[in-house]
Amino acid sequence: MDDTIHHAFTWSPNGLLIFNIEHPAPPSGWLCTIANQAACNLLGRLPLDGLPMADLFPTAIAEHFGDAALTYPLNHSVDFFVSEQGRWLLASANKMNGLLTIALTDITRQKEAAFSDHRLMRLYRSLTGSLDDNEIILFDKNFNILLNEGNPRFIRVGIEENLNGWKLNTLFESNNFTFLNEYVTNVFSGGRTEVEKEISGKFYKASVYSHAGDDDDQENIIGVLLLKDVSELNRKQRELEVRVHQLDRSNRELQQFAYVASHDLQEPLRKIMSFGERLTRKYGDLLMGEGQEYITRMNNAAQRMEALINDLLSFSRATRSDLPFEPTDLNDILAEVLTDMDAAERTKAIITLPDNLPVVEAIPSQMRQLFQNLLNNALKFTKAGQLPVVDIRHRRISGADLPAVPALLPEKSYSVIEIQDQGIGFDPINAERIFTIFQRLHGRSEYDGTGVGLAICKKIVVNHEGVIFADATVGQGALFTVILPFKQH
């Protein structure tokens, strides 16, 4: 552009943006090639060059301009609220020679002047901040429409004029949303009504309630009607329900297979072990050294198989979620586990216990297995020539304080239990792998075990709607963190 046009573009009091189509995928296909300083100030972004339209405008606005500009010449204006800047903007779009020009004008004062009731303005702003895909209608006790905004339009489809002052019930006469009249009529009786209905193959969700504001002034109470197209949400919900059902069925079949297969394997295994013992007892003296080695290796393999089957059965039982949850004192659980663990006496382990383990809603038998497996793991992987040292800690935390853990709910309180050892540790790259069934980081000649214990721990924690993870450094010990909710529901 020449100097005069460039100067006018740069110093225009209105925001000006020019978009060019890069690929046929609106609105992301429209990229801002140039924007003046006023546009940057109005949108609160710097710089704007190179950004797609979808990043600069509300979704509904970007999709409207992006879709329409590809199909026909556009000369259209629409206003929207920029919550970060606290201002209203009027966007006017014009397409020419393959370029899309959007002019932005600050109309905040005009909008606020149009809303004589500032309380109504605050209410609408609070709604538009999180409900940009709803049609919003505010009305008074006489069912006069005070405000009708929102994009896309559902109830007022085809009606371009301002509906302020219309009777809300007359609006329902021109569309298929007559069923809302019943809920709107009773809105000032208190409470909130949410209803979902299928209309012409699409599903709509309506929310109807009254709002009195901070002063609770019943004379100036406002009715609120929100309407949203939830067809896509319902479709995804149905798909999710089908997949959950398939997953549940697959899990049940897997549990049944593991349980039955393990029981069926035990009978021939018992015979192998029994005949091995008989051979050793009756004919051990007659066998040469190589024959005795074969029997010994056979018996050892059978014992490993027995341990593997027992662990597989434990893993199968750990997946059960039909056992009752009850208040469980983790102090008592840990005391029982330590009493039963002869390994702690044999290795002379130093175990530091917390004095504030909580009472949580849990399945007691699974909590015993959880602590037993984690402590056995800590004692097993000890450095050669050193006494095992294990430090158990506890703290309470809110799910909102752990936003990086999406499995936790922000409104719930959680018990965080840490088990720190000073053993051989492991490479952090294996922090996820160690919770996978049959995964071992060391050979049987170094450390015994089947690679099932930590997989059982994860199953138990997930069954209790919690999370478990590990962190370690090779040669410097490992830290296992268990996070359990205090309440299940």
Within the structure provided, determine whether [X] and [Y] are in side-chain contact (heavy-atom separation under 4.5 Å).
X	Y	answer
Leu56	Phe19	yes
Leu370	Val461	yes
Leu233	Gln237	no
Leu104	Ile102	yes
Thr108	Leu89	no
Leu402	Ile483	yes
Leu484	Met367	yes
Leu334	Ile392	yes

Can you name the residues that form a ring pair (Phe, Tyr, Trp, His ring centres under 6.0 Å) with Tyr204, not counting sequence neighbours?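 Partners of Tyr204 by the ring pair (Phe, Tyr, Trp, His ring centres under 6.0 Å) criterion, ordered by chain and then number, come out as Phe154, Phe177.
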Can you list the residues that meet the ring pair (Phe, Tyr, Trp, His ring centres under 6.0 Å) rule with Phe57, with sequence neighbours excluded?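 For Phe57 the ring pair (Phe, Tyr, Trp, His ring centres under 6.0 Å) partners, ignoring immediate neighbours, are Phe80.
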Do you know the tightest heavy-atom contact between Trp88 and Asp106?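 So the minimum-distance heavy-atom pair works out to O-OD1, 3.3 Å.
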So, for Leu31 and Pro52, which heavy atoms are closest and what is the spacing to 0.1 Å?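 Answer, listing the atom of Leu31 first, then Pro52: CD2-CA, 3.6 Å.
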Using a 3.5 Å distance criterion without hydrogens, assess whether the side chain of [X] forms a donor-acceptor pair with backbone atoms of [Y].
X	Y	answer
Asp471	Leu479	no
Thr10	Asn36	no
Thr296	Tyr294	no

More than 12 heavy atoms of other residues, nucleotides or ligands under 6.0 Å from CZ of Arg238: yes or no?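 Yes, CZ of Arg238 has more than 12 neighbouring heavy atoms, counting only those of other groups under 6.0 Å.
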Has Ile429 got more than 12 heavy atoms of other residues, nucleotides or ligands less than 6.0 Å from its CD1?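 It does not: Ile429 CD1 has 12 such atoms or fewer within range.
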Per the side-chain contact (heavy atoms from CB on, under 4.5 Å) rule, which among Leu225, Val224, Ile222 passes with Tyr209?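 Result for side-chain contact (heavy atoms from CB on, under 4.5 Å) with Tyr209: Val224.
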If a pair satisfies salt bridge (charged side-chain N to carboxylate O under 4.0 Å, His left out) and one of its residues is in residues 366-376, list it, with sequence neighbours excluded.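 Applying salt bridge (charged side-chain N to carboxylate O under 4.0 Å, His left out) to every pair that reaches into residues 366-376, excluding sequence neighbours, yields Glu336-Arg368.
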Listed once per pair and sorted, the salt bridge (charged side-chain N to carboxylate O under 4.0 Å, His left out) pairs that draw on residues 402-415, sequence neighbours left out: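 Output for this query lists Lys412-Glu465.
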If the condition is side chain to side chain contact (heavy atoms under 4.5 Å, CB included), which residues does [X] pass it with, not counting sequence neighbours?
X	result
Thr473	Gln476
Asn299	Thr280, Ile295
Ala470	Phe426, Ile434, Phe435, Phe480
Ser231	Lys202, Phe203, Asp229

Using 0.5 Å steps for rounding, measure from the SG atom of Cys457 to the CD1 atom of Ile468.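 Going from the SG atom of Cys457 to the CD1 atom of Ile468 covers 5.0 Å.
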For the CG atom of Asn377 and the CD1 atom of Ile419, what is their distance to the nearest 0.5 Å?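 Between Asn377 CG and Ile419 CD1, I get 9.5 Å after rounding to 0.5 Å.
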Donor-acceptor pairs are to be reported for all side-chain atoms of residues 350-365 against protein atoms at under 3.5 Å, with residues two or more places apart or in another chain.
| from | atom 1 | to | atom 2 | distance (Å) |
| --- | --- | --- | --- | --- |
| Glu361 | OE1 | Gln488 | N | 3.0 |

Where do Leu375 and Val390 land on the side-chain contact (heavy atoms from CB on, under 4.5 Å) test, with the steps shown first? CA-CA 8 Å; Leu375 286 174; Val390 182; 4.1 Å; yes
Do any pairs count as a side chain to side chain donor-acceptor pair (under 3.5 Å) and have a residue in residues 395-408, sequence neighbours left out, and if so which ones?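 Listed once each, the pairs would be none.
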Not counting sequence neighbours, which residues clear salt bridge (Lys or Arg N to Asp or Glu O under 4.0 Å) with Glu241? List them please.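 Salt bridge (Lys or Arg N to Asp or Glu O under 4.0 Å) list for Glu241, sorted by chain: empty.
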Of Glu196, Glu194, Glu135, which meets salt bridge (Lys or Arg N to Asp or Glu O under 4.0 Å) against Lys205?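 Of Glu196, Glu194, Glu135, salt bridge (Lys or Arg N to Asp or Glu O under 4.0 Å) with Lys205 is met by Glu194 alone.
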List, one per line, each side-chain donor-acceptor pair under 3.5 Å for residues 42-50, sequence neighbours excluded.
| from | atom 1 | to | atom 2 | distance (Å) |
| --- | --- | --- | --- | --- |
| Arg45 | NH1 | Asp55 | O | 3.0 |
| Asp49 | OD1 | Ala35 | N | 3.3 |

Test item: side-chain donor near acceptor, Asn41 and Gln37, under 3.5 Å: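 There is such a pair (donor and acceptor under 3.5 Å, judged by atom type) between the side chains of Asn41 and Gln37.
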